[in-house]
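Hydrogens, waters and symmetry mates play no part in the numbers below; they use all other heavy atoms, side chains included. Please read all numbers here as calculations on a predicted model, not as lab measurements.
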Amino acid sequence: MNFLTACLIGFNIFIYLNSRHRIPKGNSLKVIFFLLIGKMLFSLRIGFQNNYLIMAEYTITRVLLFLLIFYFLENILSKKFKKFRIFIWSCLGIIYFYNIVTLLILYSPQFYVYLLEESPVFLNIVRTARRVIDLTRIIFIITLFQFFIQRRKVRKKISFSWIAIGITYFVLEFFRELFPKERNLYYFIELMEICYIYWCLVFYIFKIYTENVMRAIRYSIGVTLSYISLFYFKTLTEPAVILGTIIILDFYTNIIEGIMKYKNEAVDKIYNRLCLVRDVKTFEKLLQKEILKNVTLVDVKVKILFDPEEYKEFITEGDDNEIVISKDMIKLEEYSSAYRIEFNENKYIALIFVEEGDTPLTIEEQNFLLDLSNKIGSIVSKIRLDSLYEELI
């Protein structure tokens with residue numbers, strides 16, 4: 001268990017070092033990451049653990065989860081759902097109250113004895129609230145609600161994949177109730193669940209979709225399933241368990257690839273229409289119209305760039321390895337992100353600026369924009385060359 005936890009710490013640090021440049025300076029996700037590492041360190045079952053270390057782990061976990069929920073409320077959940085937000089804040093208030101009581105009990109056993117003798121009813125209420133209302137379940141409810149309000153945007157082709165992900169998330173979250181005797185396994189699953197939540201936020205908010213990301217997801221799932229099958233069952237004489245582990249791993253690999261890799265006929269149709277355009281302004285207007293038709297956005301601006309250094313008029317700095325440009329790098333304040341279009345050695349031949357509004361884009365919409373940006377590079381390059389040629393003659 002300690003070896004796996006240590007490997008998990010190193011694995012998360014590796015992912016962070018390779019993606020930290022995408023997280024803006026001062027963003028709370030950087031603080032949350034160090035709390036996540038702290039949670040993992042305190043999860044190591046070492047010989048000299050005492051009540052203070054247990055209390056430190058408990059406190060770090062609560063702060064970590066509270067910050068994750070605040071980030072969800074600020075960046076994922078639309079502010080127009082006021083009643084739902086009030087419900088979430090009410091649940092957080094209850095959780096905050098019983099966490100204070102729990103910390104007092106951990107710090108002072110005499111306080112627990114006092115409650116046990118003088119206020120058993122109050123203690124039972126706190127126990128019930130602790131068992132029913134939990135921070136990770138609040139995150140589960142928020143993600144479920146967010147998926148419900150964006151369900152119409154999900155392609156029917158991958159609806160089964162989302163259902164499978166939802167069922168798996170449910171099993172992870174309610175594992176303690178489904179399998180009450182497996183306490184040691186529950187703590188490991190809780191740790192993995194928090195890691196998944198954090199990195200899903202990072203990948204979703206900052207639109208990080210690469211082969212390394214896919215590899216990281218596969219490895220993390222593989223470690224979890226390997227632990228459950230090889231270490232928890234403690235025997236290799238159950239071939240059905242091992243075979244089932246391989247099948248499940250392959251199943252979820254295909255599911256994640258189906259969600260992350262976007263394949264849609266709309267991109268091909270847009271590409272064919274744009275091939276017929278010869279004028280720069282017409283191209284920009286048509287592309288803006290097609291994007292608004294397929295993606296729920298407040299505004300879109302397409303700008304074809306002719307000079308190699310012209311992109312510096314719109315963004316503060318450039319990263320040749322990233323297609324998506326975050327808001328903190330854009331000089332146009334009315335837009336929330338931008339997509340870079342490249343062709344061969346020309347890294348900045350056009351930019352697509354988008355304003356998302358209150359509701360963030362779904363993974364499908366983000367992948368649509370990424371796929372479109374990658375595919376139309378040759379058309380944009382041809383229009384640029386034709387326009388420059390016309391100016392010369």
Side-chain angles (χ1 to χ4, degrees), residues 28 32 35-36 38-40 42-43 45 49-74 76-77 79 81-148 166-198:
S28 59
I32 293 174
L35 289 172
L36 177 62
K39 159 71 174 174
M40 293 181 187
F42 280 108
S43 295
R45 295 296 178 254
Q49 279 190 322
N50 54 39
N51 291 336
Y52 292 103
L53 291 176
I54 294 173
M55 187 170 66
E57 178 189 2
Y58 181 86
T59 304
I60 289 176
T61 304
R62 299 307 109 185
V63 173
L64 166 64
L65 292 172
F66 267 113
L67 289 178
L68 281 173
I69 292 174
F70 294 155
Y71 200 88
F72 266 95
L73 293 175
E74 185 66 24
I76 301 295
L77 185 64
K79 293 180 173 57
F81 300 106
K82 294 182 179 179
K83 292 183 179 179
F84 182 75
R85 295 175 72 89
I86 291 173
F87 168 74
I88 295 298
W89 282 110
S90 300
C91 292
L92 290 177
I94 296 172
I95 293 172
Y96 180 80
F97 175 75
Y98 75 61
N99 278 337
I100 294 297
V101 175
T102 304
L103 280 174
L104 290 174
I105 291 174
L106 288 174
Y107 183 75
S108 175
Q110 293 83 357
F111 180 67
Y112 175 71
V113 174
Y114 171 79
L115 292 178
L116 197 61
E117 294 177 351
E118 303 296 332
S119 303
V121 176
F122 173 78
L123 189 60
N124 288 332
I125 292 174
V126 172
R127 286 172 176 170
T128 303
R130 174 69 182 87
R131 188 168 58 253
V132 176
I133 308 174
D134 192 67
L135 288 170
T136 54
R137 292 182 183 177
I138 295 297
I139 297 176
F140 176 77
I141 292 172
I142 294 175
T143 53
L144 189 65
F145 181 82
Q146 185 67 21
F147 178 80
F148 178 78
I167 293 174
T168 305
Y169 190 7
F170 176 85
V171 172
L172 286 175
E173 180 53 44
F174 292 91
F175 184 88
R176 181 170 51 188
E177 278 67 35
L178 295 173
F179 307 98
K181 295 181 179 180
E182 320 303 342
R183 294 185 62 85
N184 292 332
L185 182 58
Y186 165 73
Y187 290 121
F188 181 78
I189 287 178
E190 182 189 44
L191 187 61
M192 294 299 298
E193 183 186 5
I194 296 174
C195 290
Y196 289 153
I197 291 170
Y198 174 79

For this session: Please say whether more than 12 non-hydrogen atoms of neighbouring residues, nucleotides or ligands are located less than 6.0 Å from CZ in F87.
Result: no

Problem set entry | side-chain hydrogen bond (donor to acceptor under 3.5 Å, both in side chains) partners of N99, counting only residues at least two apart | Y58

Exercise. Looking at side-chain heavy atoms only, is the closest gap between L115 and V101 below 4.5 Å?
Worked result: yes

Problem set entry | Side chains of I141 and F84 in contact at under 4.5 Å (non-hydrogen atoms) | yes

Exercise. Can you find a pair of side-chain heavy atoms, one from L92 and one from F70, that are under 4.5 Å apart?
Worked result: yes

Problem set entry | Nearest non-hydrogen partners of R137 and V132, listed with the distance | NH1-O, 3.1 Å

For this session: Check whether any side-chain heavy atom of I105 lies under 4.5 Å from a side-chain heavy atom of L123, and answer yes or no.
Result: yes

Exercise. Has the side chain of T61 got a donor or acceptor atom that lies under 3.5 Å from a matching backbone atom of E57?
Worked result: yes

Problem set entry | Which atom of G38 lies closest to which atom of I60, heavy atoms considered | C-CG2, 4.3 Å

Exercise. For residues 121-132, which residue pairs qualify under side-chain hydrogen bond (donor to acceptor under 3.5 Å, both in side chains), counting only residues two or more places apart or in two chains?
Worked result: Y112-R127, R130-D134

Seminar exercise, completed: For E118, the salt bridge (Lys or Arg N to Asp or Glu O under 4.0 Å) test, sequence neighbours excluded, returns none

Exercise. Considering residues at least two apart in sequence or located in another chain, which fulfil the salt bridge (Lys or Arg N to Asp or Glu O under 4.0 Å) criterion with E193?
Worked result: none

Problem set entry | salt bridge (charged side-chain N to carboxylate O under 4.0 Å, His left out): pairs with one or both residues in residues 81-107, sequence neighbours excluded | none

Problem set entry | Side chain to side chain, F145 and I88, heavy atoms closer than 4.5 Å | no

For this session: State which residues pass side-chain hydrogen bond (donor to acceptor under 3.5 Å, both in side chains) with Y96; sequence neighbours excluded, sorted by chain then number.
Result: none

Seminar exercise, completed: Correct closest heavy-atom pair for A129 and I94 would be CB-CG2, 4.2 Å

Seminar exercise, completed: The residue among L67, I194, L68 that forms side chain to side chain contact (heavy atoms under 4.5 Å, CB included) with L35 is L67

For this session: Answer with yes or no whether the side chains of E173 and T136 bring together a donor and an acceptor at under 3.5 Å.
Result: yes

Exercise. How many angstroms lie between atom CG of L64 and atom CD1 of I69, to the nearest 0.5 angstrom?
Worked result: 10.0 Å

Exercise. Below 6.0 angstrom between ring centroids: does that apply to Y196 and Y169?
Worked result: no

Exercise. What pair of heavy atoms forms the shortest contact from Y98 to T102, and how long is it?
Worked result: O-OG1, 2.7 Å

For this session: Check whether more than 12 heavy atoms from other residues, nucleotides or ligands sit under 6.0 Å from atom CZ of F111, and answer yes or no.
Result: yes

